[in-house]
2 protein chains.
Amino acid sequence: MTEQHFTLPLFTVDNVMFAIDNAKLNVLLVKRAAEPYNNYWSLPGGVVDVTLDKDVEACAMRKLQQKTGLTPAYLEQLEVFSGPDRDPRGYSISLAFFALLPYTPVSSNINSVSHVSWWPLDQLHQLTLAFDHQHIIHHAHQRLQQKALYSMLPVFCLPSTFTVGQLKTVIETILGKEIQRKSLMRRIEASNMFTLTEQKQHSGGRQAQLYQLKPGVNITHFNRNMGA
Amino acid sequence: MTEQHFTLPLFTVDNVMFAIDNAKLNVLLVKRAAEPYNNYWSLPGGVVDVTLDKDVEACAMRKLQQKTGLTPAYLEQLEVFSGPDRDPRGYSISLAFFALLPYTPVSSNINSVSHVSWWPLDQLHQLTLAFDHQHIIHHAHQRLQQKALYSMLPVFCLPSTFTVGQLKTVIETILGKEIQRKSLMRRIEASNMFTLTEQKQHSGGRQAQLYQLKPGVNITHFNRNMGA
DNA sequence: GAAATAGTGTCTTTGAGACACTATATG
DNA sequence: CATATAGTGTCTCAAAGACACTATTTC
């Protein structure tokens, strides 16, 4: 808070927000409109505003809302990335968050053309992203995969009411491999996180039971990994 | 890097370094010698020096060395703690690290009296620590316990050569409960992280096999939790 | 030999994997 | 009826828990 007279590193927040569309993992990116990396795709983020943000989580939320119009269903700190070379302007420190959301199309309700967009994870290698954002996304993806093995975190990629089949698909998309429906049902049962609702049809087949998160429950962590 | 003219939050690094002495978990604390919280015990930390620290990890290492004379065997990012109220000087952001080391006595080789000291974790509630450091230590402890359930991390609390019995004691101290020797041996075997050496006696009993970390191996993560 | 610590053998328990089988929907 | 998706029954498999038993050392 004191006026600093020596060189201070720049502290920023970056968000890796994931959602699943079309059976693929997508990341939300925004197009930069300033140097450096002008016109490059980048992670939505920014600097803390001491007067608005009660903490760094609030800052991450605010920046996501402001830059993309979306609010994550789940948000957690990923890791701090730092060093003299990741930003051409000099030494920088960035706290990356990773976030989950049920897929929501983004029209560029913010500005003119397509400044905000979902990008399939498997197409990112074709892009050159700003700063070390490619690297950060890779770490976030790994964390997400790890957590999908032992927790119910993937439910945050689903609407408030969903079927076991949908959850199975989400987990499989995150992991990039199939899991046993039976194992998932056992976990749903054991977690005691959900309540039941009416029915709902899917494509041609038997109607599936609809589940719903109990209000205010914590996500269950299991003490074994699944599918690994 | 630019000279900022609006209020910037203060970014600092704090270290929660654990070691085991006398069958107890200890945390390394330093006595503050400046306001605020003058003369209170606190976590060793400080601000990033752009010219010395290639990243925040290097900063954490340097501060530990400088303030305590010790270098951790293991260091990882814990979490960022932030907000307007944790430091009376104003909005602050602190990246906490958690670190492990085989127990080494600290003589106050730094300054006059006891400005650096190991404190048993179970006696900390008797102290009033600076800032939110009590809270940070609690988080670090939880993380350490969690990781002890599914990884070989606790070996970093042991000297370069050690017995199964010693590792068992370390893990039990961290977890605060007993584990099965057999389970631990299975993990040591399965991890393939160690090589054998000669022998060594302990108190009255059969000599124990000495193990040693293979050079350059990664710590193994298992896909089940132990003892939980 | 008694006590103490190190290490093994092996049965039980827990929870995931595999996969066949039943149930209910649509055309 | 065929086909598709939902859900169950149940056997197998992997790894941890329990715990007795053997091995080696000191006194």
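Letters go in sequence order (proteins before strands), and every chain restarts at 1. Model, not experiment: these values are computed from the prediction.
Computed from coordinates, the A:R181 CZ to D:dT10 P distance equals 17 Å when rounded to whole Å. C:dG7 atom C1' lies 12 Å from atom NZ of B:K168, rounded to whole Å. To the nearest angstrom, C1' of C:dG7 lies 11 Å from CD of B:Q209.
OP1 or OP2 of D:dA16 has not a single side-chain nitrogen or oxygen of B:Q180 nearer than 4.0 Å.
Contact record, A:G45 with A:N15: CA-ND2, 4.3 Å, taken as the closest heavy-atom pair.
At a threshold of 4.5 Å between non-hydrogen side-chain atoms, the residues B:N192 and B:K214 count as touching.
Note on B:R187: only backbone sugar-phosphate atoms sit closer than 4.0 angstrom, heavy atoms only; bases stay farther off.
Side chain of B:K177 to main chain of B:G227: a donor-acceptor pair is present (N/O by atom type, distance under 3.5 Å, no hydrogens or angles). Side-chain atoms of A:Q123 do not come within 3.5 Å of backbone N or O of A:P120 as any donor-acceptor pair. A:Q142 places no side-chain N or O within donor-acceptor distance of the main-chain N or O of A:H139, the cut-off being under 3.5 Å.
With DNA chain C read from its 5' end, the first of the two nearest nucleotides for B:R224 and B:M185 is the one closest to B:M185. Nearest-nucleotide assignment on DNA chain D puts the 5′-proximal partner with A:G165, out of A:G165 and B:F222.
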Which letters describe nucleotides 22-27 of chain C, given B = protein heavy atom under 4.0 Å from base, S = only from sugar-phosphate, - = neither? -BBB--

